[in-house]
Trainee: 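Below are the structure tokens for one structure; questions will follow.
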Amino acid sequence: AAWLAVLELRIRPAALRIALPLAALLALLLPTAWLQPVMSPYKGLSEALNISGTRVIEQYSSPLGLISVTEHTGIPLRHAPALSLTASAGPPAQLGIFVDGDGPSAITAAGGDPAALAYLDQLTWALPYHLKQPGRVLILGAGGGSEVLQARQLGARHIDAVELNPQIVSLVKQTHADFAGHLFNADNLRIITAEARGFVSTTAERYDLIQVALVDSFSASSAGLYALSESYLYTVEALQAYLGRLSPGGYLAISRWIKMPSRDAPKLFATAITALEKLGIDDPQNRLALIRSWQTSTLLVKNGRFDAAELEALRRFCSARSFDVAYYPGIDAAEANRFNVMAEPQLYLAAQALLGPGRERFVADYKFNLEPATDDKPYFFRFFTWRALPEILTLFGRGGVPLLDTGYLILAATLVQAVAASLVLILLPLWFLRRSAAAGVTGTQRWRVLVYFSALGLAFLFLEIAFIQKFVLFLHHPLYAVAVVLTAFLLFAGAGSLYSQRLVRSSGAVSVAVAAIAVASIVYLLALDRLLAPFASLADSLRILVSVLLIAPLAFFMGLPFPLGITRVGQRTPALIPWAWGINGCASVISAVLATLLAMHFGFTVVVMSAVLLYGVAAVSVPR
């Protein structure tokens, strides 16, 4: 890049044109080991490879991650989270699947004796199969096929399984089909390669059981590394969509890891209550059940009230497997902490509080963030609260690190660093610009440039990031949303910048552009879902086209203010042009981090409205 800049700008000395590419080529002479990425020793794959007889036999890469398949010839892999401690046998031979070093999920040998799969009935998420035999089952997150195998083993007549990553589907369906007993080729199974919410929103099928698989690894989850990840699987709107696809009397089953103090399960329970209430159900307490093992919890939400026979079957299931009941309609406190004993029955107490009149006070006072995630704030895994930080810091060196949302703290630290660096890089040049005051650069002019280009740098990325999230659910794939939205914004903002040459003589061009941006942004906030709804079931290519056409007018007007501002600066105070570019660049770096923090706390609607406000600030501070 530096070499191209030297050529373009004709920078002297000419020797740089030779020296720079030669310096780049030196990288090819470095030892290969220096250039190889080194995986963290705390990742699941790194830990697995420390076990005798474990080796990586295949690797596949895609934008969805690096997939590593492991074979275990020494100590066998026994991946069965939530397995009852009283189970008489574990799983048969398994291959591990790690994505970006996290995991594993497992491909289980299923071509032999069916009795070897008896362990599948000893997991917490086998519960719905014991309350009522489901005919049609939907599994969201097929992975290596454990939940599919369980559904087949426990008698489901028809199974639909959704998996986002086609490479994982190919591993089970083709590469290791013999090992997996041709699981993904069964007559009563349909594999759908799609994003879970996208499939649920477009299918017309009804299911007796919808199961959301345990798709993340315990190590990454417990370390808070998912705090920054937007997940549309666990939002209030997601649970409403799942419940809308259940047949009468059907079950929604969602399993999560047990982390102490309790976080995931209480937050999921609160989300389910909110989803039921928003559907107009006035007795959510009669439609929920929650059980736990030593490592996982499983929440059941029924499309209807639990009857006495189901509750008796639930008690028998848990008693036979030494699972603890955390909640069901009519639970007695003595039932809540019998087998996997905690100092106090945290999940039971949380469920009672969340169903009681003091829910808001309980959520506000809890050490972790239990506010239900929504599509506007899709950060289910953000549990961090600032009020708990002093107490957690006292636990450093005593196992307190897993209590932190490290991802959130890294983001906050990044914002501090970006602001500090930007202040230095923006304000330091002011000292040098004092010499230009005699040439007509006044303090007022400098402040106008500072405010105008800072506001544009913040606002532009605010809107880009917010609309990427707005289109994730419509395009049914996070990669499509990023690629399509960024391409559309950059392409049509570039077209707006090109057109701005015709407006340089218009004193009100910036104000008109800002007004158009504000109107388009607010209209999309209020009506985007309704605008997109008629096109949700179209083919991918057509939904991409619809997305581009909707983004185009907004992006076009967003491309006008920056070149118009630069032109004004160049006409009056050309010495400030480099400074204006620097201000805009630094503000853009801050914007990417700040937009995520704002979305976590207040939602993407606030991010969009903040962008509109910033464009308004820019309009009243146009350099003169």
Side-chain angles (χ1 to χ4, degrees), residues 1 4-12 422-464 489-521 552-591 611-624:
L4 291 174
V6 166
L7 295 178
E8 174 70 20
L9 301 175
R10 297 183 175 85
I11 295 175
R12 296 182 180 182
S422 297
L423 290 175
V424 171
L425 294 171
I426 291 173
L427 296 181
L428 187 59
L430 279 177
W431 187 83
F432 296 100
L433 287 172
R434 289 177 184 173
R435 306 177 200 174
S436 304
V441 179
T442 67
T444 300
Q445 288 171 327
R446 287 197 293 266
W447 277 107
R448 281 187 171 274
V449 168
L450 175 63
V451 173
Y452 183 80
F453 288 98
S454 294
L456 292 185
L458 292 169
F460 193 96
L461 262 76
F462 274 18
L463 287 180
E464 273 192 334
F489 266 108
L490 295 176
L491 178 64
F492 288 99
S497 296
L498 182 64
Y499 185 79
S500 70
Q501 297 176 33
R502 305 183 182 185
L503 305 175
V504 293
R505 297 181 182 276
S506 173
S507 59
V510 172
S511 297
V512 171
V514 167
I517 293 168
V519 170
S521 299
L554 173 62
F556 179 85
F557 286 107
M558 287 170 60
L560 295 174
F562 183 84
L564 290 173
I566 286 289
T567 300
R568 288 198 176 197
V569 172
Q571 290 171 343
R572 297 287 181 265
T573 53
L576 293 182
I577 287 179
W579 196 53
W581 277 97
I583 290 169
N584 187 261
C586 291
S588 298
V589 174
I590 294 171
S591 178
V612 171
L613 179 62
L614 285 165
Y615 272 114
V617 170
V620 299
S621 59
V622 180
R624 296 175 179 173

Trainee: Using every non-hydrogen atom in the two residues, find where Val514 and Gly616 come nearest and quote the distance to one decimal.
Mentor: CG1-N, 4.0 Å

Trainee: Do Ser500 side-chain atoms and Ser497 backbone N/O form a donor-acceptor pair below 3.5 Å?
Mentor: yes

Trainee: With side chains defined as the heavy atoms from C-beta onward, is the minimum distance between Leu450 and Trp447 less than 4.5 Å?
Mentor: yes

Trainee: Out of curiosity, Leu458 CG to Leu613 CG, how far, rounded to the nearest 0.5 Å?
Mentor: 11.0 Å

Trainee: Could you measure the distance from the OG atom of Ser591 to the CZ atom of Phe462? Nearest 0.5 Å is fine.
Mentor: 4.5 Å

Trainee: Name the residue from Asn584, Val569, Thr444 that meets the side chain to side chain contact (heavy atoms under 4.5 Å, CB included) definition with Val449.
Mentor: Val569

Trainee: Does any non-hydrogen side-chain atom of Thr573 lie less than 4.5 Å from one of Arg446?
Mentor: no

Trainee: What side-chain donor-acceptor pairs closer than 3.5 Å can you find for residues 553-565, not counting sequence neighbours?
Mentor:
none

Trainee: Less than 4.5 Å apart, any side-chain heavy atom of Ile517 and any of Leu463?
Mentor: yes

Trainee: Looking only at heavy atoms, which two atoms of Pro574 and Pro578 are closest? And how far apart?
Mentor: O-CD, 4.0 Å

Trainee: Would Ile566 and Trp581 count as a side-chain contact (heavy atoms from CB on, under 4.5 Å) if you check the C-alpha gap in whole Å, the side-chain angles of each, and the deciding distance to 0.1 Å?
Mentor: CA-CA 8 Å; Ile566 286 289; Trp581 277 97; 3.7 Å; yes

Trainee: Just jot down the side-chain contact (heavy atoms from CB on, under 4.5 Å) partners of Leu423, sequence neighbours excluded, or say none.
Mentor: Val419, Leu427

Trainee: Return the CD to CZ distance between Gln445 and Arg568, rounded to the nearest 0.5 Å.
Mentor: 12.5 Å

Trainee: Closest heavy-atom contact between Leu425 and Cys586?
Mentor: CB-SG, 4.2 Å

Trainee: Is the shortest side-chain heavy-atom distance between Tyr615 and Phe460 below 4.5 Å?
Mentor: yes

Trainee: What residues form a side-chain contact (heavy atoms from CB on, under 4.5 Å) with Leu7, not counting sequence neighbours?
Mentor: Trp3, Arg17

